[in-house]
Structures are given as structure tokens and as C-alpha cells.
Amino acid sequence: MPDRPSLDGIEEKWVDVWDESGVYHFDRTRERGDVFSIDTPPPTVSGSLHIGHVFSYTHTDAVARFQRMRGKAVFYPMGWDDNGLPTERRVQNYYGVRCDPSVPYDPDFAPPAKPDPKRQVPISRRNFIELCDRLTAEDEKVFEAIWRRLGLSVDWRHTYATIDADARTAAQRAFLRNLARGEAYMSEAPTLWDVTFRTAVAQAELEDRERPGAYHRLAFHRPGGEPVHIETTRPELLAACVALVAHPDDERYQDLFSGTVRTPVFGVEVPVRAHRLADPEKGSGIAMICTFGDTTDVTWWRELQLETRPIIGWDGRIVAEPPAGLETEEARLAYGRLAGATVHTARERMVEMLRESGDLVGEPRPITHPVKFYEKGDKPLEIVTTRQWYIRNGGREAELRGRLVERGRELTWYPAFMRARYENWVEGLNGDWLVSRQRFFGVPFPVWYPLDAEGNPRYDAPIVPDESALPVDPSSDVPPGYTEDQRGRAGGFMGDPDVMDTWATSSLSPQIAGGWERDEDLFRRVFPMDLRPQGHDIIRTWLFATVVRSEFEHGSVPWRRTALSGWILDPDRKKMSKSKGNVVTPIDLLEKYSSDAVRYWAANGRPGTDTAFDEGQMKIGRRLAIKILNASKFALSVAGEDAAADPAAVTEPLDRAMLAALAEVVEDATSAFEGYDYTRALERTERFFWDLCDDYLELVKVRAYDSESPAGASARSALLIALSVLHRLFAPFLPFVADEVWSWWQEGSVHAARWPEAAEFRSAAQGGDPAVLAATAEVLRAVRKAKSEAKLSMRADVERVMVSGKSAEYARQSRADIAAAGRAAALEFETTDEAELRVEVTLPAAAE
RNA sequence: GGGCGUGUAGCUCAGUUGGUCAGAGCCCCCGCCUUACAAGCGGGUGGUCGGAGGUUCGAGUCCUCUCGCGCCCA
């Protein structure tokens, strides 16, 4: 035990000790019932670890530590999400390169010494992936170091990355089984498309953003020539117009239904149709349907069985070839002015042409409206018809949807109201899950297609590998029955060029971490997992997708509980984010306040509740940690480090009262933890501890030094019992300081110790009444107040203390301790019926 | 527009099933060298619990309406 205990260097010391002792290792000999398994969220390593991560991972760690102390074998792995677009972008910027699959592999490639993000060097897909692997490996080391310093009790032998071979194997195996069972399918259909990243995007990745736009009033022409006015925010799509639509009940357009009109400028004849989704209140009540301007167009196109005349290409530009229907020379010339232009330019030119033809009525009317974006993109999404892979998720089948809602109800949600978010999402789905992405750094689809005699792929006859061959890369591996020289040749084969959505891999995190089909012995001990902690913003993606995959593969929920953490808000109540520049680096905070202090702040954030970033709370956490050091040192120096607590020696009413109060704290903290209310467990423990320091310790200080009397032995034993219990109660929250103080007088790690139970020290409490401690402390407070108001030192003598009231009887049982702590010469107690405890303190005349 | 959450001292937050529930910590003010801790200790000043109705003997605590903020979805 050091003379002057300190938090300095405490993290380095214990991180090493824990690593060497393996105290957090999962005992895989334990059966499922004795295991507590956690489906840890794999943080995106291409981003930086921010304070929000520290916040939520601390919550999980506290629960993991509690369960471990309760005797569970805790399966607490860590994953890294390195698969996907964020990593591609980071690699592009970091090395100044971009992936160009047409460039051949260069085994000697070295990235530019001075990366220039503006002039990225095109490199082969394989070189690009090598750089992704290299950079993510470095990032993961940094992350692990921070997690260790934060004190996460992860078993570092169990880590995974969403791009590693195990994850690729699991993702491909699950996909092949989905395919075989008909849960995955390929379809050519209108798809939300990000033109910057040139990839398809799923419903779950959409977000609406308010953008300026303008209503353009356009004149279409009836067969007789008289105009029909429509309003559109996307005049550039006029060439893609396939119909007009109005509400079936709209009186204004009854005569037009089942007739046709001609488009302005292009003179294409299009039908006028009726559909309930046409809003009579909006614009002129009649709209043009284009293939495709928005998702409503897709609905109309599908339900009204309209033609397809797409004009926007994968690059977001107007395609060179005019769509069907543009027959006249003028129409083709007009289209020629748009071909190759961006959407923005095309709109300007189209408006120009409409002005020339006189079909633009009035001036465009500026508005602000919500536009769909890919959440990681910065250009509006287009809708392009492409061939994509889908996994069923209930978006098209009520039966499956209902089953998935039911699975959600099998889960225990912390907090419970988060379940509503899940159900709202599932019930609002309008399509299956699009899982293919036209990107590079991801898990490839384990599929090849035969090429027919003309060299065209036969998508209806995909070739799949045997599961034993996984993972495969169809761009370099050869399908069964073919040779490499048949790649890309007529009569040969081609590999599917796409990769899976990153959620298609991370939705298998319980299987990947748990050893599904790789280590079945492990898997049956940990799956379904006990807990899925995660942010509430990814209920619709990660949580939902994981439920879907587990339903298909195992016919069960993937876990029993899920805990949704809140966000960290800056002092202005805004979500902290990099773009706002209000992010604080965790490592600086850990160094400034100590890991325990930062954990203390985090542990004060309740499940699902957004929490203010508050360094003040970290200061308090630091104070608490230091107090634990000092109070422990004091108690141990009084009692003797190697002294053993003897429950039978606890005889004084005040000591028994303290232990009885502590028993209540233990019971309360335990049930709070069982209900995932770690914050309450901490609050109760902390409250008790500070009161113990302020009152009980001061009261028994003198007596505890008395080595002669039984009263002294009583105090010392009670102190040691309380200390042991408190060290363990604090261990899940302040693991460093808890193990430090524990090590001064106990064998082994506090983190391997048994969680305290009231039964342990009930006998020592001997039916003690917490009211004795409460009343005694109240008298002590009154004495202090008198001294404080007289501006006296707490060491000042007191002539007389007169206590009366209902609980005077309780205080009387601590007469000697009050006299000693208050330095009171005379004490009188009068038990009356008065509810309020009255304390009269008489100070020596000289002191007044 | 629909769903969910939230609004309690200057700040951050507790307040289980309605009855010492008007609290804690921080901040601020006034004191105290008290050998565990001056990175400490003691004491004190702060609120008609967003607003309006209602149920009840009694409501931050239940109901209705309303205002503000936040998130999710259209």
C-alpha cells in the first residue's frame, strides 16, 4: 500500500496485469446456461473513435463485468468493421489512389509518396484491396489500444474483422444458403442509385434532405392542340415521360383519362391515366410520370404497367441514345442537346428549349422540398434500372414481415420503448433488401455466370461453389468445371463483379464471432447471444438485418436482449459530430481525467438516453476514484492490511446499522444491474460510499484505533467488511482503481471476485437498523453546523449536545461515537413523539 | 402528416406502483491546516417540478389539451 496513493500510471499497470493473467478470458468449457455472451458492435475502423463510442462501450463493459462477477463465463469478443465504403474513401484519401478494375495488378506497386487527393492514381482492384487491408490493420491496432486503456474487459483472443477470411466465409455461406432456400434472388428493377459512388443503395441507407428546387409549369397538348398544364420539379426528365397521371376522382381530368397527349418539345404521344397516389392538391393535380424521377414514378410505372424510357445513365448523365418514342427529327435534335449532360445542365437546356417552344408557362416557382440522398453521399439519388441481388426481409410479404415483428417481441429491449422503432420500421418496409453494391472493398458474391455462344451472361443459371471452397473471389477463382482461360469468353464464364452491402456481413456478427460452422462447440455455448448492445440509430439496419439473417438460418432470434445506447450531445444539445467540429478526442480525456473518471461519466448515462458531454462529471469521477484510494488506505491502515474481518466481532449498534444499510445497497444494486440499470447501481453505491466517508468513518475513527476494547474490534471488522463489498460494487465502473485497492489486501483480481451478496454479511449486521446510522449522522451534522456557523474548526470542543425527538433513541445508541466525533463533553437524549429530530448544541462561552 | 422520447434549482440529472418528493452533484457564497484525502472537509443561498384544465382527501407522479426541444418514419 503506497504512502500517497495516486491514479498516475494506474491504467498502464493494470492493462498489463490483466493481459498477463487472462482474467477476461472466456472459459469455453462452460455450458450455455453459465455463459453470458455479448454481440459486440464492431466499430468502423476507418473513422476515428469518438467519445460516443467510449460512452456506449463502457455501458456494455460494466454489464459484462457484473455478469462475470456473478459467476458467468463472459463471452465478450471485439470486432472491427473495416468492410465497405468508408474504408474505400479513407484509403483513397490516405494514399491518393482510386480503384480502377480495368488496370492490371502490379505486384511492386507502392502508393505515391505525396498523396494528392485531387489527382488520385488509378490502381487495380487487387492493389486497392491490399491497401485497404494494410491501412485497416494499422487502424485496428490504434483502436485496440484505446479500448484496452478504457478498460474494456474484452477477451482479446476473440476478435474479428468484417473483411477477414472468417467473416467472408460466413457471409458467403449464409448467402449461398439464402440463395438455395429462395431467400436471396436476383432481379432487374429500378434501383436507387448514387451517381457519385456509382452503386445501388438500399432503403435503409436513405435519408431525406431539404433542398431548393422549382416547380416548372409545362404545357402538354391534347390531340386537338389545346394545352394540359402539369407541374414538375424535374423538367430534364421530359424525354423520359411515359404518361400523365391524375386522381381518379379529379373532375378536371375525367375527359382525358384513357386518352393521350403529346409532350412538349419532343412531341411524344403518352397516355393519361388515373391513380389514387396522384394528389389533386399538388400543383395542377396532374403530373408527368417519368422513368424514373422518384419512387412514386416507380410505383405508377409498375402498377399502371407503363413503358420504360430511361435517360439517366450510371454516371448520372443523360445517355447518348434517345429513348423509344422520340421519332421525329426535331425530337432527336432536341435530345441531342441533352445527351451527355449532367442532370443539372440538362435541366438548364431543357428549360431553354421549353421557353423556345413556348411550352414553359410563366417562370419556375422556387420551393424547398425533401430530396432522397444516400446517407454517405452528397448528390441526390437517381433511379436506374439495374440487375441486383436482394434478400427477402418482409418488404414484399406480409407473412414474413409478421414473423419478424414477432421476433422483435421475443427480445427484451432496453429501454423498452425502442421496440416501437423496430416495429415501425419493419411495418413500413416497401421492398426487399438490396444487398449488392457496385464497389470493391467488400465480400464478393460467391457466384459466376456461364457465357452463352454470343458471350452474354446467363443470369438465370448462376454457378455457385461448394461451401468447402469458401471464401472465394469470383474475379480470381475459377468456378467448378471451368478453367481460367475461359474467363470472359463465349461459352466460358464470368464472375459476379459486385460485393455485398456491408450490413450483409455485419448482420452475421453473432455467427462470425460465435464460430458458426467453424467452431460448432463454441457456437452452441454462446448462441443465441445474451446481449446485443448498439446505437438506436441503426435499429433499422444492423439490428433488423441481424434478426432477418438469424430467422432464415436458425429460425430463432439472434440474442435475448438488446440495449440501445443514446447519443452524446454537446452543451448546445446538438449531436456531436465531426462536421460540427465539436468532437473531443477520447484519448486526451482518458489521460486528463483517468479512464475510471471517464467511465464514471459514461456510466451516468442511462440506457437509451441522450447524454450531455460533460467534463464536470469526469472531474467528479476522478474525485471519486481518488477518494476510493484514500478511504481504502485509511480503513486498511486502521484495521491492518492483513487483518481479517470477523463478523462475530461486529457488536456495536452503529456498526451493525452501517452493514444493514450496506446490505440494502447491495440488493438494490444487484437488481438494478439485472435490469440493465447500471446507472442506478452506480448511484446507490456512490451515495453510500460518500456518506460512509463523511459520517461513518468520522464517527468510528477514534474507536477503531482502540485495540483494547471489543468496540474497537467491532469497528475494524465492520470497516473491512464494508471495504470488501464496496471495492466489488465499484469494480464494474471503476475497474482500475477497484483492482488497485483490492490488490492492497486481497488475493487475485477484484474482477474475478464474487459479486457481493447481502447474505455474506447479514450475520455481521445482526439485525442492525439503518435508522441508527441515519439518526447518528443527523446529530453529527447538527454539531458541525453549529461549529460552522460559529466559524470554528471541526476540532473545536462542544460543551453540551441535547437531542430530542422520536429517533433520539437511535442516536443514543451511538453516544460514545457522537461524543468522540463531535468532541462533545456532555450528551443528553430525550425520546419524544416529535417526528423531527431536535439537536441543541451548546458551545463553550469563550468560543461564542 | 404519423410514431417515439423529453421538458424538475444557473448547469448536469435523481425522483419505482400518486401521500416527509421538492432532492443530489456541479456552480456560487461563507467558513475550516481536521495526520485517509486541501485534487480535501464543514455549512449555506437557489425551483409555484414547461403551460392550462381534470380525476383524487391528496399529483413532478394519473387523464385531456397545449407549448418547446430531440429522434425515427412519410
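No hydrogens, no waters, no symmetry mates; every other heavy atom, side chains included, goes into these values. Quick note on labels: first sequence line is chain A, next is B, and so on, each numbered from 1.
Straight-line distance between the C1' atoms of A24(B) and C67(B): roughly 29 Å, to the nearest whole Å. The same atom, P, is picked in C28(B) and in G10(B); the two are 15 Å apart, to the nearest Å. Spacing between G60(B) and U16(B) at atom C1', rounded to whole Å, works out to 14 Å. Nucleotides G46(B) and A39(B) have their C1' atoms positioned 26 Å apart, rounded to a whole Å. Spacing between C11(B) and C27(B) at atom P, rounded to whole Å, works out to 15 Å. The gap from the P atom of G31(B) to that of G19(B) amounts to 41 Å, rounded to the nearest Å. For the C1' atoms, the distance from G15(B) to G42(B) is 27 Å, rounded to whole Å. The C1' atoms of G68(B) and C30(B) are separated by 38 Å, rounded to the nearest whole Å.
Where Lys701(A) and Arg421(A) each meet RNA chain B at their nearest nucleotide, the meeting point lying more 5' is that of Lys701(A). RNA chain B is contacted by both Asp614(A) and Arg784(A); Asp614(A) maps to the nucleotide lying nearer its 5′ end (nearest heavy atom per residue).
Using a 4.0 Å cut-off, some side-chain N or O of Arg540(A) falls inside it from OP1 or OP2 of C73(B). Between G5(B) and Arg419(A), no contact under 4.0 Å exists linking OP1 or OP2 to a side-chain N or O. An OP1 or OP2 oxygen of G44(B) is reached within less than 4.0 angstrom by a side-chain nitrogen or oxygen of Lys785(A).
Residue Trp690(A) is in sugar-phosphate contact alone, with no base atom involved, counting any heavy-atom pair closer than 4.0 Å across all strands shown. Backbone-only contact: Glu683(A) has heavy atoms under 4.0 Å from sugar-phosphate atoms and none from a base. At the heavy-atom level, Glu698(A) lies under 4.0 Å from base atoms of the strands shown. Note on Lys627(A): a base of the nucleic acid sits closer than 4.0 angstrom, heavy atoms only. Here Asp694(A) lies in heavy-atom contact (under 4.0 Å) with sugar-phosphate atoms only. Residue-level contact check: Arg622(A) touches the bases, meaning some heavy atom is under 4.0 Å from a base atom. Tyr705(A) comes within 4.0 angstrom of the backbone, heavy atoms only, and of no base. Within 4.0 Å (heavy atoms only), Gln203(A) reaches sugar-phosphate atoms of the nucleic acid but no base atom. Residue Ile620(A) is classed as a sugar-phosphate contact, given heavy-atom separations below 4.0 Å to backbone atoms only.
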Is there a ring-ring contact (aromatic ring centres under 6.0 Å, His included) between Tyr593(A) and Tyr600(A) once you walk through the steps?
CA-CA 10 Å; Tyr593(A) 297 104; Tyr600(A) 171 86; over 10 Å; no

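Look at CZ on Arg680(A): it is 7 Å from C1' on U16(B), rounded to the nearest Å. Atom CG in Leu624(A) sits about 12 Å away from atom P in G40(B), given to the nearest Å. Residue Phe417(A) contributes atom CZ, which lies 13 Å from atom P of C72(B) at whole-angstrom precision. The distance from atom NZ of Lys806(A) to atom C1' of U20(B) is 12 Å, rounded to the nearest whole Å. Rounded to whole angstrom, the span from the CG atom of Asp537(A) across to the P atom of G3(B) amounts to 23 Å. Protein atom CE of Met418(A) is 13 Å distant from nucleotide atom P of C73(B), rounded to whole Å. Going from atom CD of Glu789(A) over to atom C1' of G43(B) covers 7 Å, rounded to whole Å. Residue Trp567(A) contributes atom CH2, which lies 21 Å from atom C1' of U12(B) at whole-angstrom precision.
Annotated as anti: G40(B), whose O4'-C1'-N torsion sits more than 90° from 0. G60(B): glycosidic angle within 90° of 0, hence syn.
With a cut-off of 3.5 Å on both Watson-Crick or G-U wobble distances, the partner of C32(B) is given as G40(B). When Watson-Crick and G-U wobble pairs are counted only if both distances are under 3.5 Å, G70(B) pairs with C4(B). Pair assignment for U45(B): none, as no Watson-Crick or G-U wobble contacts are both less than 3.5 Å. Summarising the base pairing, G10(B) is matched to C26(B) through a Watson-Crick or G-U wobble pair whose two defining distances lie under 3.5 Å. Taking a pair to require two hydrogen-bonding distances under 3.5 Å in either a Watson-Crick or a G-U wobble arrangement, A52(B) pairs with U64(B).
For the pair Lys701(A) and Phe634(A), the cation sits on the ring face: its NZ or CZ lies under 6.0 Å from the ring centre, inside 45° of the axis.
Between Asp668(A) and Arg687(A) there is no salt bridge, since no side-chain N of the basic residue sits under 4.0 Å from a carboxylate O of the acidic one. For the pair Arg680(A) and Glu683(A), the salt-bridge criterion is not met [side-chain N within less than 4.0 Å of a carboxylate O].
Closest to the Arg781(A) side chain, of the nucleotides A38(B), G43(B), C73(B), is G43(B). Checking C26(B), G3(B), C37(B) against the side-chain heavy atoms of Asn424(A) singles out G3(B) as nearest. Side-chain proximity of Trp425(A) to C73(B), G5(B), C13(B): nearest is C73(B). Taking every side-chain heavy atom of Arg606(A) into account, A14(B) is the closest of A14(B), G43(B), C30(B).
No option in Val737(A), Asp596(A), Leu7(A) other than Leu7(A) meets the side chain to side chain contact (heavy atoms under 4.5 Å, CB included) test with Ile626(A). The residue from Thr776(A), Asp691(A), Asp655(A) that alone fulfils the side-chain hydrogen bond (donor to acceptor under 3.5 Å, both in side chains) condition with Tyr696(A) is Asp655(A).
Classified by interplanar angle (parallel below 30°, tilted 30° to 60°, perpendicular above 60°), the ring pair His727(A)/Trp742(A) is perpendicular. Note: Tyr414(A) and Tyr676(A) have parallel aromatic rings, judged against thresholds of 30 and 60 degrees for the angle between ring planes. Note on ring orientation: taking the six-membered ring where Trp is involved, the planes of Phe673(A) and Phe66(A) are parallel (angle under 30°, cut-offs 30° and 60°).
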